[in-house]
Undergrad: 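Here it is, the structure, as structure tokens.
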Protein chains: 2
Amino acid sequence: MNDTFKALSDPTRRQIIQLLKERDLSAGEIANHFSISKPSISHHLNILKNARLIQDERQGQSIVYSLNTTVIQEALGWFLNMIGSKGEQ
Amino acid sequence: MNDTFKALSDPTRRQIIQLLKERDLSAGEIANHFSISKPSISHHLNILKNARLIQDERQGQSIVYSLNTTVIQEALGWFLNMIGSKGEQ
DNA sequence: ACTATATTTAGATGTTTATCTAAATATCGA
DNA sequence: TCGATATTTAGATAAACATCTAAATATAGT
């Protein structure tokens, strides 16, 4: 759970997740949306992957990333719990 | 929004929010739940306050903190959007 | 006004993090 | 197998962050 929140604490990584919400993208396609270097994007992708927020699959020369909504749902649960009635859970 | 996620990325701060979900607490009462120093807790409270996740009110010698669920609801919205159907919004 | 209690501010320190460039690895097509 | 393309790994650096102790501020009660 901590890995999830840590991963989501960076704006670049949240934007990557938003991009992947639209459609699966290769590492290069993701990098093209940003003005930071490819190695930096690769680093962010790795953090998201370790948090299991995204998954990757090689397709020929490219590595294609996709969203894992399961983990996002878990984080959503945390927020729902915080908003639930006092003392509940 | 970034302040919200940054604030929630620390486990101590998430725990503080969970404590305040149960009931309002003074800074000292909050600090008693942790093994870190009072100034460190004060620092965390300040970060949560700047993110508007909590609010404070002086009551005599104490300063009592309470949750602001409005901002939590905004963050919840981000997650709901991520889970919504592809391309939506 | 003085003392005790509650909390924050100031300043220092070690760790983590985001970023970069350069080099390494992997795949594809000719 | 060679050259081009795609991505990651390695190593360095500067900024951000969590924590500490000591000192400052604020309130309350006597």
Side-chain angles (χ1 to χ4, degrees), chain A residues 1-20 22-68 71 75 78, chain B residues 1-20 22-68 71 75 78:
Chain A
M1 195 52 142
N2 194 42
D3 286 346
T4 308
F5 279 100
K6 272 268 154 57
L8 292 172
S9 72
D10 183 89
T12 300
R13 291 195 288 267
R14 285 197 305 280
Q15 233 182 301
I16 289 173
I17 287 185
Q18 282 176 312
L19 287 172
L20 292 177
E22 298 307 312
R23 62 183 185 85
D24 297 355
L25 292 169
S26 71
E29 287 174 319
I30 293 169
N32 288 339
H33 282 84
F34 300 90
S35 51
I36 61 180
S37 71
K38 277 170 203 214
S40 295
I41 293 294
S42 182
H43 172 244
H44 285 305
L45 290 171
N46 198 44
I47 287 169
L48 289 168
K49 199 172 106 179
N50 284 338
R52 297 182 6 266
L53 282 158
I54 62 174
Q55 48 218 156
D56 62 342
E57 185 200 355
R58 178 171 280 278
Q59 279 181 22
Q61 275 169 296
S62 305
I63 293 180
V64 173
Y65 285 89
S66 59
L67 217 54
N68 174 13
V71 177
W78 189 90
Chain B
M1 195 52 143
N2 194 42
D3 286 345
T4 308
F5 278 100
K6 271 271 154 54
L8 292 171
S9 72
D10 183 89
T12 300
R13 291 196 289 266
R14 285 198 305 279
Q15 235 180 299
I16 289 173
I17 286 185
Q18 282 177 312
L19 288 172
L20 292 178
E22 298 306 313
R23 62 184 186 83
D24 297 354
L25 292 169
S26 71
E29 287 173 319
I30 293 169
N32 288 339
H33 282 84
F34 299 90
S35 50
I36 61 181
S37 71
K38 276 168 209 239
S40 295
I41 293 294
S42 182
H43 172 244
H44 285 305
L45 290 171
N46 198 44
I47 287 169
L48 288 168
K49 198 171 105 179
N50 284 338
R52 301 188 355 272
L53 281 158
I54 63 174
Q55 47 218 154
D56 62 343
E57 186 198 355
R58 177 170 281 278
Q59 280 182 20
Q61 274 170 298
S62 305
I63 292 179
V64 174
Y65 284 90
S66 58
L67 217 53
N68 174 14
V71 176
W78 189 90

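Throughout, a chain's letter reflects where its sequence line sits, starting with A, and its residues are numbered from 1.
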Undergrad: Could you check if a side-chain atom of A:Leu45 sits within less than 4.5 angstrom of a side-chain atom of A:Asp56, using non-hydrogen atoms only?
TA: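 Counting from C-beta outward, A:Leu45 and A:Asp56 never come under 4.5 Å.
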Undergrad: To the nearest Å, give me how far apart CD1 (B:Ile36) and P (D:dT19) are.
TA: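 Going from CD1 in B:Ile36 over to P in D:dT19 covers 4 Å.
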Undergrad: Quick one: does B:His43's side chain get under 4.5 Å of B:Ile47's, heavy atoms only?
TA: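 Yes, their side chains come closer than 4.5 Å.
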Undergrad: Can you check the B:Asn2 CG to D:dA16 C1' distance for me, whole Å?
TA: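 After rounding, the reported distance stands at 13 Å.
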Undergrad: With respect to the side chain of B:Lys38, which nucleotide from C:dT8, D:dA26, D:dA18 is positioned closest?
TA: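 The closest nucleotide is C:dT8.
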Undergrad: Looking at A:Tyr65, I'd like to know whether one of its side-chain N or O atoms comes within less than 4.0 Å of OP1 or OP2 on D:dA6.
TA: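 For D:dA6, neither OP1 nor OP2 has a side-chain N or O of A:Tyr65 closer than 4.0 Å.
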Undergrad: May I have the distance from A:Ile47 (atom CD1) to C:dT16 (atom P), rounded to whole angstrom?
TA: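 Result: 13 Å.
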Undergrad: When we call it a touch if two heavy atoms are under 4.0 Å apart, what does A:Ser62 touch: a base, just sugar-phosphate, or nothing?
TA: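 Sugar-phosphate contact only.
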Undergrad: Tell me whether the OP1 or OP2 atom of D:dC20 has a side-chain N or O from B:Ser37 closer than 4.0 Å.
TA: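 The answer is yes; a side-chain N or O of B:Ser37 sits under 4.0 Å from OP1 or OP2.
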Undergrad: In whole angstrom, give the distance that lies between atom NE2 of B:His44 and atom P of C:dT9.
TA: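 Result: 15 Å.
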Undergrad: Carefully, step by step, assess B:Asp3 and B:Leu53 under the rule side chain to side chain contact (heavy atoms under 4.5 Å, CB included).
TA: CA-CA 10 Å; B:Asp3 286 345; B:Leu53 281 158; over 6 Å; no
Undergrad: Describe the nucleic acid contact of A:Lys49 in one word from base, sugar-phosphate, nothing, applying a heavy-atom distance below 4.0 Å.
TA: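 No contact.
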Undergrad: Check the distance between C:dT8's P and B:Asn50's CG and give it to me in whole angstrom.
TA: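 After rounding, the gap between these two atoms is 12 Å.
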Undergrad: Side-chain N or O of A:Ser42 versus OP1/OP2 of D:dT7: is the shortest distance under 4.0 Å?
TA: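 No, no such contact exists.
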Undergrad: Rounded off to whole Å, could you give me the CD1-to-C1' distance for the B:Ile30 and C:dT8 pair?
TA: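 The distance from CD1 of B:Ile30 to C1' of C:dT8 comes to 14 Å, rounded to the nearest Å.
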Undergrad: Indicate whether OP1 or OP2 belonging to D:dT7 is found under 4.0 Å from a side-chain N or O atom of A:Ser26.
TA: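 So the side chain of A:Ser26 is within the cut-off, an N or O lying under 4.0 Å from OP1 or OP2 of D:dT7.
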Undergrad: Report the distance from atom CG of B:Leu45 to atom C1' of D:dT19, rounded to the nearest whole Å.
TA: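 Checked: the CG to C1' distance equals 15 Å.
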Undergrad: What's the spacing between A:Leu20 CG and A:Asn68 CG if we round to 0.5 Å?
TA: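 Those atoms lie 11.5 Å apart.
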Undergrad: How do A:Gln61 and A:Asn46 order along DNA chain D: which one's closest nucleotide is nearer the 5' end?
TA: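 Nearer the 5' end of the strand: A:Gln61.
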Undergrad: What are the two closest heavy atoms between B:Arg13 and B:Lys6, and how far apart are they?
TA: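 Reported closest heavy-atom pair: NH2-O, 3.2 Å.
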Undergrad: As an exercise, state the distance from CD of B:Gln59 to CG of B:Asp24, rounded to the nearest 0.5 Å.
TA: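 Going from CD on B:Gln59 over to CG on B:Asp24, the span is 8.0 Å.
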Undergrad: Any base atoms under 4.0 Å from A:Phe34, or only sugar-phosphate, or nothing? Heavy atoms, all strands.
TA: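 Result for A:Phe34 = nothing.
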Undergrad: Specify the residue among A:Ser9 and A:Pro39 whose closest nucleotide of DNA chain C lies further upstream toward the 5′ end.
TA: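 Nearest-nucleotide comparison on DNA chain C picks A:Ser9.
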Undergrad: Check the distance between D:dA6's C1' and A:Leu25's CG and give it to me in whole angstrom.
TA: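 Distance, rounded to whole Å: 15 Å.
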Undergrad: Would you mind classifying the nucleic acid contact of B:Asp10 as base, sugar-phosphate or nothing, using non-hydrogen atoms under 4.0 angstrom?
TA: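 Since only primed, P, OP1 and OP2 atoms lie under 4.0 Å of B:Asp10, the category is sugar-phosphate.
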Undergrad: Find which nucleotide of DNA chain C each of A:Arg58 and A:Thr12 is nearest to by heavy atoms, and output the residue with the more 5' nucleotide.
TA: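 First, find each residue's nearest nucleotide; the 5'-ward one identifies A:Thr12.
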Undergrad: Taking only side-chain nitrogens and oxygens of A:His43, does any of them come within less than 4.0 Å of OP1 or OP2 of C:dC20?
TA: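 The answer is no; no side-chain N or O of A:His43 sits under 4.0 Å from OP1 or OP2.
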